[in-house]
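Numbers for residues simply follow the sequence, beginning at 1. Indexing begins at 1, ligand by ligand and atom by atom, following the structure's order. As the structure is a prediction and not an experimental result, all values here were calculated from the model.
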Amino acid sequence: MMKNHEKTYTTKANFMLHGGDYNPDQWLDRPDILADDIKLMQLAHTNTFSVGIFAWAALEPEEGVYNFEWLDEIFNNIHGMDGRVILATPSGARPAWMSQKYPEVLRVNGARVKQLHGGRHNHCFTSEVYREKTQKINRLLAERYGNHPALLMWHISNEYGGECHCEKCQHAFRSWLKEKYDNDLKALNDAWWGPFWSHTFTDWSQIESPSPIGENMVHGLNLDWRRFVTDQTISFFENEIVPIKELTPDIPITTNFMADTHELIPFQALDYSKFAKHLDVISWDAYPAWHNDWESTADLAMKVGFIDDLYRSLKQQPFLLMESTPSAVNWHTVNKAKRPGMHLLASMQMVAHGSDSVMYFQWRKSRGSSEKFHGAVVDHDNSSENRVFKEVALVGQTLEKLSDVVGTNRPADVAILYDWESNWALNDAQGFGLETKRYPQTLQQHYKTFWEKDIPVDVITKEQDFSSYKLLIVPMLYLVSEETIARLKTFVANGGRLVMTYISGLVNEHDLTYLGGWHKDLQEMFGMKPVETDTLYPSDKNYVSYRNQSYELKDYATVIELAAAKTEGQYEQDFYANTPAVTSHEYEKGKTYYIGGRLEDAFHREFYQELINELALQPVVSVKHEMGVSVQVRQAPEQDYIFIMNFTEEKQPIVIEDHLKDLVTSAELTGEFTLEKYEVRILEKARNHTR
Ligand SMILES: [Zn+2]
């Protein structure tokens with residue numbers, strides 16, 4: 001299959017960005033510190049800084065009174081060292097005068113309590129005043145800096161998230177619903193299963209957003225509210241960028257996405273698949289809890305890779321690591337320092353999965369308030385001689401050798417489908433196991449097999465084209481619309497292999513269950529239907545026999561009624577012992593597989609190895625290694641860039657058959673060599689065009 005190797009320069013920079021959030025507005029009375037910053041930035045081999053993220057109070061100290069002189073100087077200082085600026089709009093935090101004069105800008109929480117000024121992310125995303133104020137300051141920024149030669153990109157607001165339940169937002173929600181349901185209240189009542197508990201609405205004004213002191217059991221309402229929150233956040237963002245698009249149409253726009261910790265899963269509160277369409281570049285803030293006491297370093301690295309591959313696949317182009325810490329964060333339960341070597345390894349992992357940057361929050365540690373101990377490049381000692389600073393400089397020196405990697409992507413034959421809406425609906429579902437639904441973690445478990453085998457995976461969303469993949473995996477796709485079912489059917493009919501699991505295809509886009517057991521098209525594609533989902537207690541176990549081996553099952557077992565499908569594995573115990581647990585079915589030119597239970601990793605390795613063999617899925621380059629070593633590749637038109645990373649605490653033997661060039665040392669490499677604990681090697685291989 002031909003895959004596209006063309007380069008995509010998402011930021012127009014042909015070098016790796018290295019730098020981070022720079023908050024000189026905290027140090028304006030210390031010109032000596034600001035002068036040190038420029039010297040230290042060069043010593044750290046940094047080149048790009050995100051400026052102005054929380055600077056509204058410094059930019060507009062009084063309503064209508066502006067002070068841009070300090071920012072002019074920062075722009076010029078960074079430009080003077082041939083650096084670039086990612087200019088932020090300041091809407092992530094507001095000046096106190098604004099909250100005081102215009103209380104409508106403040107949020108009302110789900111319990112209908114008006115919030116006081118404070119923290120950040122505390123704005124009503126509907127407020128006309130806040131939208132007007134934001135657009136005004138953004139226009140001034142674009143007018144003043146739009147033509148500055150150092151301006152590289154726009155960073156809109158900061159880590160959008162949260163929701164507001166004020167009267168303006170209730171009104172906006174009702175308008176959104178009227179549009180969605182075509183002004184037909186009966187259609188809304190039908191979609192939300194209104195007669196249940198007498199929840200039929202007879203006037204639009206009766207509808208309120210979900211609340212802990214009001215309605216929270218109508219799943220259709222909850223789902224539509226979450227959709228509205230995403231749409232209203234995007235609407236706020238679109239309002240922010242009006243002057244920016246008008247005045248600087250050629251400067252790319254991003255906003256920094258997040259992940260949820262501590263288990264490191266994609267951010268749950270906003271549907272990023274919708275948000276991505278409004279951005280030029282995806283960027284995200286990655287804060288894995290390295291060296292934690294509940295998982296191996298390799299397992300955590302796998303989860304980072306999963307999120308990278310999801311955010312990279314949102315636009316099928318390189319992304320940016322917008323924030324990370326060179327040492328420890330300040331908000332984990334335990335804030336452990338990165339061990340020597342981990343900073344380079346973790347940074348290169350991001351690049352290996354498609355990042356064209358390594359950026360930090362933040363450049364210099366604050367002196368006071370909540371982030372004074374959050375890891376930064378420059379510590380309170382103001383020194384370039386400490387361990388953390390030196391490791392940052394090493395990352396900078398390494399990135400300087402990777403300019404050719406910028407703009408390259410990593411084509412994949414395997415895709416895993418991630419769906420925010422389905423996750424919301426599944427978490428809302430009162431049933432199954434409250435603690436064991438774990439949709440993102442289940443996808444990560446399926447991803448793990450391919451990560452271990454160095455086979456590239458795209459983590460895609462339901463709107464994306466399925467046709468270029470040989471294998472599509474849709475674990476726990478609880479909510480699936482008829483439209484998506486039809487697209488899955490086309491994918492299989494045209495020769496695709498589709499893997500589905502327990503708790504899939506149960507409800508439609510309104511969170512209403514499908515009648516007739518299971519959707520008729522799914523029954524036809526899979527040649528079976530799930531008739532019961534058995535949820536197990538944490539201490540319960542069952543086993544599935546598959547290819548003469550016995551594999552442990554936890555949490556979920558689906559009782560399957562077979563039609564034309566073939567039984568591939570059977571349950572060993574309980575009232576469904578000796579009935580099908582894993583099935584396959586040839587459908588038109590393709591084939592489907594249904595995995596009825598939540599099975600251990602060893603099963604996935606065996607199950608997917610057969611598909612890997614049948615479909616001739618291969619790593620881009622053959623590297624022999626033990627578990628815990630990851631090999632990821634980015635592909636340019638003529639070259640493969642190969643990242644070999646040791647996510648274990650031991651030395652690891654590596655064998656390569658090709659003759660490869662080390663991009664950092666320029667040495668030729670072949671045969672056997674050893675990777676030290678946390679070591680990474682970055683190698684280059686000229687591609688032969690027959691592949
Ligand atoms: Zn509001």
Side-chain angles (χ1 to χ4, degrees), residues 53-54 56-57 60 63 89-138 156-181 188 192 201 203-216 218 220-243 255-258 267-272 274-275 278 420 424 428:
I53 287 169
F54 299 122
W56 204 330
E60 192 180 358
E63 187 172 17
T89 66
S91 67
R94 280 176 321 284
W97 60 255
M98 195 189 298
S99 306
Q100 188 175 41
K101 182 166 178 191
Y102 306 102
E104 72 163 67
V105 303
L106 292 167
R107 277 183 186 166
V108 171
N109 72 11
R112 308 309 191 252
V113 177
K114 180 91 174 169
Q115 307 293 286
L116 301 178
H117 179 76
R120 51 186 231 246
H121 302 300
N122 180 16
H123 63 265
C124 169
F125 41 36
T126 307
S127 158
E128 293 88 354
V129 168
Y130 200 50
R131 286 179 176 224
E132 187 191 314
K133 291 283 177 199
T134 304
Q135 218 180 67
K136 186 165 186 194
I137 192 136
N138 293 359
I156 307 301
S157 199
N158 184 67
E159 297 185 338
Y160 283 112
E163 53 195 56
C164 177
H165 299 257
C166 77
E167 271 311 310
K168 287 177 185 298
C169 289
Q170 301 297 342
H171 182 76
F173 181 43
R174 288 175 202 129
S175 300
W176 184 93
L177 290 169
K178 282 180 192 167
E179 195 182 331
K180 171 165 181 172
Y181 293 100
L188 176 142
W192 291 2
F201 294 107
D203 193 279
W204 292 95
S205 64
Q206 294 158 2
I207 300 171
E208 286 267 345
S209 61
S211 169
I213 59 164
E215 190 55 74
N216 54 48
V218 175
L221 164 64
N222 294 348
L223 189 56
D224 274 341
W225 170 252
R226 290 194 174 91
R227 288 170 173 144
F228 165 77
V229 168
T230 292
D231 285 355
Q232 197 70 348
T233 303
I234 294 170
S235 155
F236 182 86
F237 163 89
E238 281 291 331
N239 179 75
E240 279 215 41
I241 65 172
V242 167
T255 188
N256 46 344
F257 285 176
M258 293 179 276
F267 186 63
Q268 305 289 292
L270 294 174
D271 185 344
Y272 282 163
K274 283 185 177 172
F275 212 148
H278 299 259
W420 273 269
W424 292 336
D428 230 16

**Report entry** Backbone N/O of N256 and side chain of E159: donor-acceptor pair under 3.5 Å
**Finding:** no

Check the pair E240 / T134 against side chain to side chain donor-acceptor pair (under 3.5 Å), numbers first and verdict last.
CA-CA 6 Å; E240 279 215 41; T134 304; 5.3 Å; no

Below 30° counts as parallel, above 60° as perpendicular, anything between as tilted: where do the rings of F173 and F228 land? tilted

Taken by chain and residue number, the protein N/O/S atoms under 2.8 Å from the Zn ion (ligand 1) read C124 SG, C164 SG, C166 SG, C169 SG

### Message
Looking only at side-chain N and O atoms, does W225 offer a donor or acceptor that is under 3.5 Å from a partner on E163?
### Response
yes

Quiz prompt | Backbone of R131 reached by a side-chain donor or acceptor of N239 within 3.5 Å | solution = yes

Next on the checklist: How about NE2 on H278, more than 12 heavy atoms from neighbouring residues, nucleotides or ligands closer than 6.0 Å, or not?
Outcome noted: yes

